[in-house]
*Asks:* 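Just passing along the structure, written as structure tokens.
So you know, we letter chains A, B, ... as the sequences are listed, proteins then strands, and number each from 1.
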Amino acid sequence: MLQTEPTPEQIREHKPYLQLGLTEAEYDLFTARLGRLPNYTEVGLQSGMWSEHCAYKYSKPILKTFWTKNERVLMGPGEGAGVIRIGEGKAVVFKAESHNHPSAVEPYEGAATGIGGIIRDIFSIGAKPVASLDSLAFGNQFTAHNQNLIEQVVAGIGGYGNAIGIPTVGGEIQFDASYQDNPLVNAMCVGVMDEKDIQRGQAAGVGNAIVYVGAKTGRDGINGASFASAQFSKEEDADRSAVQVGDPFMEKLLTDACLQVTHEHQDALVGMQDMGAAGLVSSSAEMASKAGFGMTLDLDLIPQREPGMTPFEIMLSESQERMLLCVRAGYEQEVLDLFAAYDLDAVVCGRVEPGHQYRLLHHGEVVCDIPVSLLTDDVPTYTTVPQQPARLAHPAPDFTPTITDVGATWRALLALPNIASKRHLFQQYDAQVQTNTVIAPGGDAGVIRVRGTHRALAMTADSNGRLLALDPEIGGAITVAEAARNLVATGAEPLGITDCLNYGDPSKPEVYYELQESAKGIVAATKVFNTPVISGNVSLYNETSGVGIHPTPMIGMVGLIEDLEAITTIAFKEAGDQVYLFGKTGDDYNGSSLQYLQTGAYAGRLTGFDLQTEKQTQDTVLAAIRAHLVTAAHDLADGGLAAALVEMGAANRLGIQGTTALTSAQLFAETQGRFIVTVAPAAVAAFEAQVGAAAAHLGVVTTGAITLQLADATIDTTIAELATIQEEALACQLK
Amino acid sequence: MKAAVLTFPGSNCDEDLLWAVKEIARQEATLVPATTTTLAGYDLVLVPGGFSYGDYLRSGAIAKFAPVMTALKTFAANGGYVLGICNGFQILTEAGLLPGALQWNTSLTFVCEPEPLIVANATTAFSNQYTAGQKLSLPIAHGEGNYYADDETLAAIEANDQVVFRYAANPNGSLNDIAGLTNAAGNVMGMMPHPERAVEALLGSTDGLGVFDSLITATKGAAHVAD
Amino acid sequence: MYKAKIFVNYKQSVLDPKAEVIKHTLHRLGQANVRDVKVGKYFEVLLDGAEEAVNAQVETICDQMLANVNMESYRFTLEEVTA
Amino acid sequence: MYKAKIFVNYKQSVLDPKAEVIKHTLHRLGQANVRDVKVGKYFEVLLDGAEEAVNAQVETICDQMLANVNMESYRFTLEEVTA
Ligand SMILES: Nc1ncnc2c1ncn2[C@@H]1O[C@H](COP(=O)(O)OP(=O)(O)O)[C@@H](O)[C@H]1O
Ligand SMILES: [Mg+2]
């Protein structure tokens, strides 16, 4: 162990830092700033802190372009999670995080620890976690390996979320060839708190205590994959594993205890942060750096799961369920006692120091003594000269579908994995614990009421990699618009977003181009919808054998409902209700599910999207819902009108009888910015007067028959037939 | 009615039950930690859902060693009403307060969905506000809800009319479609479905109110149970 | 010090969903020669003390905690070990 | 016919929350002499076939289904039995 660590000179000579992900230039820069050769521990800390995950080397220039503030934002990006005011003294806290790589390697624990990690981000701000969402993307070949991956990821999310008692109220699951070797597992958590309780991750005030809380530190997840090759050289290490295992029981105790500290010991608490990527070093260094102080930690005091851990291992371990607190001097005991009552390990392991040095002691020796800014601020950022990928310069010609049997096309479309119901997967998540869930998964957005107020929050997680692959800028804007559309359909006003930027290797000019262009689209859309980005996460290098995923920004959006009576669900309520379609339907088939059904691919330019038109439609729909004129609402997304009608009819097995000027093909068009709503007969006059020409009458809800007179065909079927296909297709294909 | 809602480390439906009893059913109720050693003075003890001690060994297997369980046994032996929901049901079987055991759902997956139920016995303290044969929909949310008892025990349960709720479309493999049952004396019930999640129209269903109303009726005027 | 090796298994009469799924999957994968699958738990507990006392203690631990005797049975062996 | 007795255990360094909770509970119940607890899985699989083939088959079953080799290791014995 210790004795096998290279000396500073050996490090300079043999460059072991290359295996830790650092470049020679980065090592040289660090050495120059330090004014001496760093030892092995220090190089280890550098490698953790200068990783993309902690330092955003490639993404910082992009993230700087995001719009992050409006009058409601109480805390933007930079802390564990962002905070937005929702009225009545309350605030909503949310953030999303990716766990793509860990989930690819070990799906159950990778997904589970992804949930655990994002929950800690939320309560580290002082908020009670009230809901989770998950955005998943898998390959579309259902091989045994892929099926196992899907099964285990879903089980892991449920296994953690269900046990800790946070309802999973929404999410998405997509299937596309692009994710066959690089699945995406993005998790989002939402918390609610009193505005006055907002915490920051800061370690201020000379002499104040640094308190370590929670699980013991083990040799898990140390420096990700590099640990395996760099450290497991000896024979007897073959039976070792660096997989991180989640312990939701521990996390439940940790959540409750930390929230109790924030609520009942405000005098004692200076700051709090979770230990995420790069574990103890990133949490402690960031807390010191944000507050502008130095820090000394005594590593012998850190609770350890295994004997003989080196400072490198202790500092870079990514063991789960750990938190770091800064506690005012003199208040240590009351905080330690509180954690003891929960049976949790808690120890004072260091102190805030004057100046800016970051010092670590181990077995009585100083093993690290560097300016803290060297870890947190002096990281170089990189830009790549972007280059438009060839496929974008020469898009395929517009797709023109041919439909001979519209009923058969409809049935086939509903069985596509991306259109089929995901219920048999998401019903493995507890959606109702905490008894606040007004809309569980299956609607356009999850909705939870906020106890102690007359308000509710709507939330959704959306991504559209296949559209971004056709046009990253428009696709990025569409993703934000779709998220807003989902919220509006429930009666919510969009408040803000969190994101996970899932991309390939950013040092490739084409990938960087996708990153930059999609950011443009996202920024433009967030301004139109008044939804600043308050938190997020970046996951780059999603590549296998040099082939990257579709550019896939996941947008998590939260909206506010101020009237519990106006919450609207997608289900048709009663036969006799009138059905209206908002938004113009065009011949927009490029990138559509119909195109995929008929050609096996998505191709062409993106057409038929305009941010301003979309915003107007959303405003009109929201106003109608708020005026209590609407009995059901649903936005049109994948599969267009055809999919939406079935989704609305399914729950109560109600159909539609209608006449429209749309063609058979247009039934499947995926023109953006559209909604279907139903209106009770008594409200028709008021509804039509309020919305005017924005909505077109489509038909009337029936007791189960679906009879549609299209411009070029007639359809006569039942909701029972169509809904059954949509409900059963995926479960069949995943067997 | 004065209710105690037990809370074990890892319980996560304790607050929900408290809310249902206090805010919706408008009864006196308090959270009682697992370290408590007496339950004197309560009319009803509720054992909530969740994952007590992580449920890592078997659901409910560790919770039965909590100090409060001794008090609970005394309370039940003295005729006090005890209702275990989900993990609470698992704890009560592990502790021997109810017959049988709950094992993994035959699907081996956790399942959360509204579940159609049939009231099998409407004469108990937990179901007197329903009618026999009544159809209800209550949410389930569990991975280990597959009720098992050996043949002899099962026969005795049926002969003694202890089954209170049965599944209309068995979601987990439970023998005899058992979703909820009482002990032989009729003062202890366990059920996998969550009545406390079905007490507000805003959240989708009020079918669970009957359980709480039944207990209010059963305990009306009842002297507090002695320890 | 003793090491107790403890096996916990479902009783014969109990249908074990996990074992069923494994057997079913193996058959689906074409491994028709798999006749039966049993799934159990295996624990190792290290305890200080005299053999007789330890034996009784392990018995109690199994009976009350590691096995649910309504549906599971257990057996164990004790082995003297040095720390 | 062969009976495979298969033991699956967590690899070193992997956190085992189950074992932690069991040990902790035993200590809380006063059984301070319990030094360590390990939790594993135990399978018994009955298979027809020749020893060598069965051996290879069990190896595959363990590798791909019964053990998660990212974090668990397994060992097994084969024993000839009559039906
Ligand atoms: N992984 C998941 N977790 C929770 N809910 C999910 C998940 N996947 C899909 N859902 C739910 O299924 C419904 C349909 O999802 P989706 O087709 O993505 O909707 P939309 O296209 O309107 O965004 C939504 O209610 C969504 O919350
Ligand atoms: Mg939608």
*Asks:* What I'd like to find out is whether the side chain of Val21(C) reaches to under 4.5 Å of the side chain of Trp104(B), using heavy atoms alone.
*Replies:* no
*Asks:* Out of Ala61(B), Gly96(B), Ser107(B), Gly100(B), return the one with the most heavy atom pairs under 4.5 angstrom to chain C.
*Replies:* Gly100(B)
*Asks:* Rounded to the nearest 0.5 Å, what's the gap from CG on Leu15(C) to CD on Gln103(B)? Could you check?
*Replies:* 7.0 Å
*Asks:* Would you say Glu20(C)'s side chain and Thr106(B)'s backbone share a donor-acceptor pair under 3.5 angstrom?
*Replies:* no
*Asks:* For the atom pair CZ (Phe65(B)) and CE (Met65(C)), what is the distance rounded to the nearest 0.5 Å?
*Replies:* 4.0 Å
*Asks:* Side chain, backbone, both or neither: which part of Lys11(C) has an atom under 4.5 Å from a heavy atom of chain B?
*Replies:* neither
*Asks:* Surrounding NE2 of His27(C) (heavy atoms of other residues, nucleotides or ligands, distance under 6.0 Å), is the total greater than 12?
*Replies:* yes
*Asks:* Kindly give the heavy-atom pair with the smallest separation between Arg58(B) and Leu66(C), and that separation in Å.
*Replies:* NH1-O, 3.0 Å
*Asks:* At a heavy-atom separation under 4.5 Å, does Thr93(B) approach chain C through its side chain, its backbone, both, or neither?
*Replies:* backbone
*Asks:* Is a side-chain donor or acceptor of Lys64(B) paired with a backbone partner of Gln64(C) at a separation under 3.5 angstrom?
*Replies:* yes
*Asks:* Over all heavy atoms of both residues, which pair between Leu102(B) and Met71(C) is shortest? Give the atoms and the distance, please.
*Replies:* O-CE, 3.9 Å
*Asks:* Less than 4.5 Å to any heavy atom of chain B: does that hold for the side chain of Val69(C), its backbone, both, or neither?
*Replies:* neither
*Asks:* Taking all non-hydrogen atoms of both residues into account, name the closest pair between Lys18(C) and Leu108(B) and its distance.
*Replies:* CG-CD2, 3.6 Å
*Asks:* Can you tell me which portion of Leu175(B) sits under 4.5 Å from chain C's heavy atoms? Options are side chain, backbone, both or neither.
*Replies:* neither
*Asks:* Relative to chain C, which segment of Asn105(B) carries a heavy atom at a distance below 4.5 Å: side chain, backbone, both, or neither?
*Replies:* backbone
*Asks:* So, the side chain of Asn70(C) versus the backbone of Ala101(B): is there a donor-acceptor pair under 3.5 Å, distance only?
*Replies:* no
*Asks:* Assess whether atom NZ of Lys135(B) is packed by more than 12 heavy atoms of other residues, nucleotides or ligands within 6.0 Å.
*Replies:* no
*Asks:* For the atom pair CG (Asp16(C)) and OH (Tyr148(B)), what is the distance rounded to the nearest 0.5 Å?
*Replies:* 11.5 Å
